[in-house]
Amino acid sequence: MYAALKSIASYIPTKCVSNHDFEKILDTSDEWIIERTGISTRYFALDGEDTSDLGAKAGALAIERAGLKPSDIDLILVGTLSPDFLGMPSTACLVARKLGLSNCPAFDITAACTGFIYLLATAKAFVESGIYKKVLIIGAEKISKILDFSDRSTCVLFGDGAGAAVISTTDDPKKSILDVHISGDGNFSSLLQTPISSLKNDAKQCLQMRGNEVFKIAVKTLVTDVENIMQKNNITSKDVTYFIPHQANLRIIKAVGERLSFQKEQIILSVQKYGNTSAASIPMAMNDVYESGKLKNGDLMVLDAIGGGLTWGSALVYFDGN
Ligand code: COA
């Protein structure tokens, strides 16, 4: 028995924020942001709408697209760096409540932008060990609430949103989550951090990033990580339908995609529209391909991410949805 990705869905908040909106509050420009990051717009959650609200909406759609009801789900996992509450309750428990569930194990995973890969690894382990059969995984973020809007080098980069998938069983390895690799190195923890109590809206406690240093590590690590997982599984770039990397910066994605010999049509981009939505970025990008009608059952995807921790990981996933 293998674990398989049965559905994909996302929820995009309704408030669109353009680079021009930042020009009004910061010494920045649409040209600078596009040239250095590729980002044109991002979406922010509304006041009164939190990470679990976005996650529950994406989760409900993923369950429906898998042909299931919420009560069929036997584990909920949420990846987020912007939980509703620090510590407790977990965002996953709040999502479970919003899906109408009162007896379902649920917990959060903190792996920042690598969150979706860590979710896949965890769900695969639970399903293939036979412990759970239907796992809902959700990457959800309301990063706007922990941004320092006076720090032009970080606040223009991020967006809010959620992406979700149902992981269940298949007996066909060509329909499975073929392999997942995750790693991390806490020696680099200070490169990207949200100091404790970051939800109190104090600039010193907001998201902080040493972008330039992260950029250099990102390109090298992402390339090596994908090379390793493809070699281990005897897969070449020609066998892959889509390369769906974490969407942080267009220049990083292009550099990594080229070094891995992926063609333009294979590389999925959504950073221009959504900015960096951290744990939600890969499933949101995957959902865009799905909703455009271009993601077919049996398509092989290579996923790749790096984020705060530092954490990083990659995955080879056949799409097993309809
Ligand atoms: N508008 C205008 N100027 C800006 C700016 C903005 N929004 N943000 C930074 N700048 C300025 C800097 O102050 C600096 O000015 P200075 O030379 O006078 O000091 C200059 O632009 C260059 O800054 P630098 O940080 O070297 O730019 P960069 O090309 O590295 O781009 C990032 C900055 C953040 C876009 C880039 O480093 C990045 O994307 N990093 C990695 C993010 C990432 O991959 N995260 C993955 C894990 S989530």
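Indexing begins at 1, ligand by ligand and atom by atom, following the structure's order.
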With respect to atom 7 (N) of ligand 1, which of Arg152, Glu23, Arg36 exhibits the smallest heavy-atom separation? Arg152
Looking at Cys206, is its backbone amide N or carbonyl O close enough to the side chain of Asp148 to form a donor-acceptor pair, meaning the two atoms are under 3.5 Å apart? no
Atom 17 (O) of ligand 1 touched by protein heavy atom at under 4.0 Å: no
Strictly inside 4.0 angstrom of atom 14 (C) of ligand 1, do you find any protein heavy atom? no
Counting from 1 in the order shown, the ligand 1 atoms closer than 4.0 Å to a non-hydrogen atom of His246 are 48 (S)
Residue, atom name and distance, where the atom is the protein heavy atom closest to atom 48 (S) of ligand 1: Cys113 SG, 3.0 Å
Which atoms of ligand 1 have any heavy atom of Ile306 under 4.0 Å away? 47 (C)
For Asn249, the atoms of ligand 1 under 4.0 Å from one of its heavy atoms are 35 (C), 38 (C), 39 (O)
At under 4.0 Å between heavy atoms, what of Ile252 touches ligand 1? The answer is side chain
Please list the nearest protein heavy atom to atom 36 (C) of ligand 1 with its residue and the distance rounded to 0.1 Å. Phe215 CD1, 3.9 Å
Leu77 versus Ala123, closest heavy-atom pair with distance: CD1-N, 4.1 Å
Quiz question: by atom type and distance under 3.5 Å, do the side chains of Asn228 and His181 form a donor-acceptor pair? no
Side chain, backbone, both or neither: which applies to Ser153 and ligand 1 if a contact is any heavy-atom pair less than 4.0 Å apart? both
Would a distance-only check, ignoring hydrogens and angles, find a side-chain to backbone donor-acceptor pair under 3.5 Å from Asp72 to Lys69? yes
Within a distance of under 4.0 Å, is there any protein heavy atom near atom 20 (C) of ligand 1? no
Residues at least two apart in sequence or cross-chain that pass salt bridge (charged side-chain N to carboxylate O under 4.0 Å, His left out) with Asp21, listed by chain then number, are Lys24
Minimum-distance protein heavy atom relative to atom 10 (N) of ligand 1: Trp32 CZ2, 3.4 Å
Is atom 30 (O) of ligand 1 close to the protein, meaning a heavy atom under 4.0 Å from it? yes
Looking only at distance, does Ser29 have an N or O less than 3.5 Å from an N or O of ligand 1? no
Could you say whether the N/O atoms of Thr37 and ligand 1 ever approach to under 3.5 Å? no
Please check if the side chain of Asn233 supplies one atom and the backbone of Ile235 the other of a donor-acceptor pair under 3.5 Å. no
Could you tell me whether atom 39 (O) of ligand 1 has at least one protein heavy atom nearer than 4.0 Å? yes
Phe243 versus Pro245: any side-chain heavy-atom pair under 4.5 Å? yes
At a 4.0 Å threshold, what atoms of ligand 1 neighbour a non-hydrogen atom of Met209? 42 (C), 45 (N)
Please work out, at 4.0 Å between heavy atoms, whether the side chain, the backbone, both, or neither of Asn212 comes within that distance of ligand 1. both
Just to be sure I read this right, does ligand 1 sit under 4.0 Å from the backbone of Leu157, its side chain, both, or neither, counting only heavy atoms? side chain
Looking only at side-chain N and O atoms, does Asp304 offer a donor or acceptor that is under 3.5 Å from a partner on Ser314? no
Purely on distance, is any nitrogen or oxygen of Gly211 under 3.5 Å from one on ligand 1? yes
Quick check against the 3.5 Å criterion: does Arg42 have a side-chain atom that pairs as donor or acceptor with the backbone of Val17? yes
Donor-acceptor contacts, no H, no angles, side chain residues 273-282, under 3.5 Å, sequence neighbours left out:
from   : atom 1 : to     : atom 2 : distance (Å)
Lys273 : NZ     : Asp288 : OD2    : 2.7
Tyr274 : OH     : Asp288 : OD1    : 2.9
Tyr274 : OH     : Asp288 : OD2    : 3.1
Asn276 : OD1    : His246 : NE2    : 3.3
Asn276 : OD1    : Ser278 : N      : 2.8
Thr277 : OG1    : Ser281 : N      : 3.2
Ser278 : OG     : Cys113 : N      : 3.3
Ser278 : OG     : Glu141 : OE2    : 3.3
Ser281 : OG     : His246 : ND1    : 2.6
Ser281 : OG     : Gln247 : N      : 3.0

From Ile306, Leu222, Asp185, residue fulfilling side chain to side chain contact (heavy atoms under 4.5 Å, CB included) relative to Ile217: Ile306
For the pair Lys145 and Asp50, find out whether any cationic side-chain nitrogen is under 4.0 Å from an anionic carboxylate oxygen. yes
Could you check whether the rings of Phe149 and Phe44 sit parallel, tilted or perpendicular, using 30° and 60° as the cut-offs? perpendicular
What about Asn276: any of its N or O atoms under 3.5 Å from an N or O on ligand 1? no
Just need the protein heavy atom nearest to atom 1 (N) of ligand 1, so name the residue and atom and give the distance. Thr28 OG1, 2.6 Å
